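As structure tokens, the structure follows; a few thoughts come after it.
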Number of protein chains: 2
Amino acid sequence: MATQDTSVLGFALLGLIHQKPSSGYDLRKTFAETAIGNYSSSPGAIYPGLERLESRGLIRGVVEDSAGLRRRRLYRLTSKGGAELKRWLARPIEPGDVTRGAQELMLRFSFMDQASGTDATIAFLTSFRDALKSYVSGLESYLRDNAPKMTLSGRLALECGVRGYRSMHDWANYAISGYRDSRIQSTSRSAKNREGGPR
Amino acid sequence: MATQDTSVLGFALLGLIHQKPSSGYDLRKTFAETAIGNYSSSPGAIYPGLERLESRGLIRGVVEDSAGLRRRRLYRLTSKGGAELKRWLARPIEPGDVTRGAQELMLRFSFMDQASGTDATIAFLTSFRDALKSYVSGLESYLRDNAPKMTLSGRLALECGVRGYRSMHDWANYAISGYRDSRIQSTSRSAKNREGGPR
DNA sequence: TCCACCATGTAACTGGTTACATGATTAC
DNA sequence: GTAATCATGTAACCAGTTACATGGTGGA
């Protein structure tokens with residue numbers, strides 16, 4: 001069955017709406033103004049995208065005309081939508097996820113500490129880091145084997161990729177330590193850390 | 001007029017065919033096996049893409065049945081196609097090109113030393129580096145202003161982006177020095193470097 | 001009054017995805 | 001003979017782009 005599956009844009013919408021109930025217009029602004037990744041922002045992408053999510057029961061839009069403002073359709077996650085988002089966030093990282101689209105993994109991460117716990121986030125980062133490591137070493141050995149056959153610009157372009165993924169790998173370690181620190185702070189040095197913490 | 005413009009995939013095909021006349025199958029393998037960027041590789045993308053280019057007179061495919069092999073349609077650039085490729089490679093980098101798709105810029109770069117001269121490549125890299133610098137500083141100031149309002153994972157995700165673009169920036173400097181070295185080698189230390197060089 | 005902006009939508013087109021179909025050649 | 005792989009293609013579907021349309025609201 002599984003009606004059909006959610007696109008990356010769909011998950012981006014789900015994640016943003018989870019952070020804060022929003023109208024289509026709000027979401028368009030977010031996509032246009034922030035560096036959240038290169039997603040649409042065009043009305044022809046957002047509004048149909050929202051309709052799709054709503055028709056699948058993942059979000060529900062309610063017109064609010066509280067102030068003197070024009071009707072604004074404010075969307076909120078349904079519990080089904082929340083579950084869908086959580087399932088996406090919890091997906092294990094498969095080999096190949098890094099290759100085609102570390103972007104999507106970063107998008108997932110950026111929604112994590114809202115909807116997942118610190119432990120899950122650290123686990124995600126660890127797995128991401130390992131995947132990056134093996135991907136980088138794959139690229140490096142490819143480079144070692146093929147550098148002679150490649151053009152200068154081709155080789156340099158590959159090196160750019162290697163550096164980029166390596167910087168992501170280093171970032172992942174940095175991020176992990178950031179979460180470890182935040183966990184220590186929120187448990188404030190004592191032994192009694194019931195899971196949950198602030199918010 | 002301008003029939004219509006070439007997609008990124010179209011330029012990728014043009015660039016690869018320029019490097020080496022290829023069949024659709026060859027190109028699919030290249031996309032599937034190398035880290036050239038995340039392009040199609042599916043037959044439903046490649047073959048129609050090639051047909052589109054051919055119908056616009058940018059490439060021409062000839063069936064070769066030299067060996068006992070099955071018919072293979074080998075594509076070559078036409079002069080019109082070569083001009084289209086050169087024009088794409090020579091496009092100035094506009095603000096915003098970095099934001100949505102450093103990938104495309106890297107693809108352009110990876111074809112450069114085939115079809116453009118060393119000087120043009122260095123100019124491209126310099127301009128790319130400058131664009132990256134200003135983009136990075138924009139992200140950094142956004143981060144400075146908004147860090148308090150952001151979630152931990154949101155902030156970290158942005159920092160990942162900053163690091164990535166900064167690593168590209170550093171790479172650009174590295175690549176520039178690579179081209180300078182190659183130019184020195186090919187003019188072998190003397191004063192008379194007429195532009196052009198090998199090829 | 002008119003402009004700018006808030007806010008939503010729609011239609012035509014384009015291109016990519018998945019999945020299927022086909023057939024030739026080579027190696028076992 | 002049959003499996004793998006070379007090689008090309010096609011069809012149905014889906015999502016995104018551009019461009020246009022509409023209308024409310026607030027301020028000059």
Side-chain angles (χ1 to χ4, degrees), chain A residues 2-14 17 21-33 36-56 58-59 61-75 96 100-101 103-104, chain B residues 2-14 17 21-33 36-56 58-59 61-75 96 100-101 103-104:
Chain A
T3 37
Q4 70 193 350
D5 39 47
T6 311
S7 65
V8 184
L9 174 64
F11 284 119
L13 293 171
L14 243 32
I17 293 170
S22 305
S23 66
Y25 192 76
D26 294 337
L27 294 162
R28 286 186 62 204
K29 268 198 301 183
T30 304
F31 285 123
E33 290 166 10
I36 196 176
N38 307 311
Y39 301 105
S40 53
S41 105
S42 77
I46 302 297
Y47 293 107
L50 289 168
E51 273 163 32
R52 245 156 10 227
L53 292 175
E54 189 165 32
S55 77
R56 291 172 55 208
L58 302 178
I59 59 177
V62 187
V63 176
E64 55 152 31
D65 42 11
S66 46
L69 284 161
R70 180 172 132 93
R71 96 242 121 112
R72 245 166 72 87
R73 190 172 289 268
L74 239 222
Y75 288 97
R100 350 162 267 266
Q103 276 198 2
E104 181 178 341
Chain B
T3 37
Q4 70 191 351
D5 38 48
T6 311
S7 66
V8 185
L9 174 64
F11 284 119
L13 293 171
L14 242 31
I17 292 171
S22 307
S23 66
Y25 191 75
D26 294 337
L27 295 162
R28 286 185 62 203
K29 267 198 302 182
T30 303
F31 285 122
E33 291 166 9
I36 196 176
N38 309 311
Y39 300 105
S40 53
S41 106
S42 75
I46 301 296
Y47 292 107
L50 289 169
E51 274 163 31
R52 250 165 356 234
L53 293 175
E54 189 166 31
S55 76
R56 290 172 55 209
L58 302 178
I59 58 178
V62 186
V63 176
E64 55 152 32
D65 41 11
S66 46
L69 284 160
R70 181 172 131 91
R71 97 241 120 110
R72 246 167 71 88
R73 189 172 290 267
L74 239 222
Y75 288 97
R100 352 162 266 266
Q103 276 198 0
E104 181 179 340

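A, B, ... follow the sequence lines: proteins, then strands. Residue 1 opens every chain. None of the values given here were measured: they were computed from a predicted structure.
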Checklist outcome for this item: To the nearest 0.5 Å, atom OG of S41(A) lies from atom CD1 of I36(A) at 11.5 Å

Next on the checklist: I need the I46(A) CD1 to L27(A) CG distance, nearest 0.5 Å.
Outcome noted: 6.5 Å

Checklist entry - Of all of residues 21-30 of chain B, which get a heavy atom below 4.0 angstrom from DNA chain D, listed by number? => result S23(B), G24(B), Y25(B), R28(B)

Next on the checklist: From CZ of F31(A) over to C1' of dT17(D), roughly how many Å is that when rounded to an integer?
Outcome noted: 15 Å

Checklist entry - At their closest point, which heavy atom of Y47(B) faces which heavy atom of Y25(B), and how far apart are they? => result OH-N, 3.5 Å

Item to check | Test side-chain hydrogen bond (donor to acceptor under 3.5 Å, both in side chains) applied to T6(B) - qualifying residues, sequence neighbours left out | outcome: R56(B), E84(B)

Checklist outcome for this item: By side-chain hydrogen bond (donor to acceptor under 3.5 Å, both in side chains), S23(B) pairs with (sequence neighbours left out) D26(B), R72(B)

Item to check | Selection from dT10(C), dT10(D), dA7(D) that lies nearest to any side-chain heavy atom of E51(A) | outcome: dT10(C)

Next on the checklist: Five pairs per end, C1' atoms only: what is the angle between the end axes of the helix from dT1(C)-dA28(D) to dC28(C)-dG1(D), to 10 degrees?
Outcome noted: 10°

Test side chain to side chain contact (heavy atoms under 4.5 Å, CB included) applied to [X] - qualifying residues, sequence neighbours left out:
X       : answer
R52(A)  : P48(A)
E104(A) : V8(A), W88(A), R91(A)
S42(A)  : A45(A)
S7(B)   : L9(B)

Under 3.5 Å, N/O pairs linking protein and nucleotides 15-18 of chain C:
| from | atom 1 | to | atom 2 | distance (Å) |
| --- | --- | --- | --- | --- |
| dG16(C) | OP2 | R52(B) | NH2 | 3.1 |
| dT17(C) | OP2 | S42(B) | OG | 3.4 |

